[in-house]
Amino acid sequence: MNAERFHILAVLAMAVVIFSCAAKKEEGHDHEHGESADESLWKEMDDFHMIMMETYHPYKDSSNLEPAKMRASELLAAADEWVSAPLPEKVDNAEVRAKLQQLKTEAASLTESVKSSDDNIIAERLNKVHETFQG
């Protein structure tokens with residue numbers, strides 16, 4: 001199952017890179033000259049990823065859960081936007097949609113756990129969101 005999750009997310013990541021580069025070339029833009037996240041073809045994935053990095057890495061690197069506690073609802077909102085957004089054609093399938101829905105469910109669970117103030121539960125749920133995202 002872990003290999004399957006990795007494969008799905010690897011395909012998603014590659015699709016985003018391919019679509020971004022192809023679109024920029026078609027539009028006459030050079031991908032290497034500082035495209036902003038707003039120009040990305042899958043902005044919702046980029047937005048979720050940024051919040052995930054800013055909440056997970058402080059915990060992973062130094063057991064600091066404060067960013068996750070403060071931004072859990074923001075992470076859930078980003079997951080909700082990603083689930084609701086149109087998928088790039090090459091990854092628009094039931095498997096990817098189910099994976100995104102699972103990510104939203106895990107983010108909602110994290111948001112609920114923050115209300116409990118139990119750091120062990122918060123850490124467990126943050127890890128689960130990260131594992132689901134990473135596949």
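Fair warning: this is a prediction, and the values are worked out from it, not measured in the lab. What you see below is based on every heavy atom in this structure, not just the backbone, and it leaves out hydrogens, waters and symmetry mates.
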Closest non-hydrogen atom pair, K104 against D80:
NZ-OD1, 2.8 Å
Parallel, tilted or perpendicular, as decided by the 30° and 60° cut-offs, for the rings of H130 and Y56:
parallel
Check for me, please, whether L76 and M52 land in the same ILVMFWY cluster - side-chain distances under 4.5 Å, paths through other members count.
no
Pairwise distance OG(S113) to CG(L65) - rounded to 0.5 angstrom
9.0 Å
Quick check: closest heavy atoms across L100 and V83, and the distance to 0.1 Å?
O-CG2, 3.3 Å
With rounding to the nearest 0.5 angstrom, report the CD to CE distance, E54 to M70.
11.5 Å
Minimum heavy-atom separation for T132 and K99, please, with both atom names.
O-CE, 3.3 Å
Candidate pair D92 and R97, rule side chain to side chain contact (heavy atoms under 4.5 Å, CB included), full reasoning:
CA-CA 7 Å; D92 189 359; R97 285 189 296 276; 2.3 Å; yes
Verify side chain to side chain contact (heavy atoms under 4.5 Å, CB included) between L75 and R71, making sure each step is shown before the conclusion.
CA-CA 6 Å; L75 192 66; R71 300 187 71 190; 5.8 Å; no
What residues form a side chain to side chain contact (heavy atoms under 4.5 Å, CB included) with E124, not counting sequence neighbours?
none
Over all heavy atoms of both residues, which pair between Y59 and A123 is shortest? Give the atoms and the distance, please.
OH-CB, 3.4 Å
Roughly how far, to the nearest 0.5 Å, is the OG1 atom of T55 from the CD atom of E74?
9.0 Å
Parallel, tilted or perpendicular, as decided by the 30° and 60° cut-offs, for the rings of W42 and W82
perpendicular
Minimum heavy-atom distance between V129 and E106, given as atom pair plus value
CG2-O, 3.3 Å
Donor-acceptor under 3.5 Å (S84 side chain, E81 main chain)
no
Does M53 CE have over 12 foreign heavy atoms under 6.0 Å away?
yes
Considering all heavy atoms, the nearest L110-I122 contact
CD1-O, 3.7 Å
Side chain to side chain contact (heavy atoms under 4.5 Å, CB included) with N64: which residues, sequence neighbours excluded?
P58, S62, E66, P67
S109 meets the side chain to side chain contact (heavy atoms under 4.5 Å, CB included) criterion, sequence neighbours left out, with R125
Check for me, please, whether I121 and L126 land in the same ILVMFWY cluster - side-chain distances under 4.5 Å, paths through other members count.
no
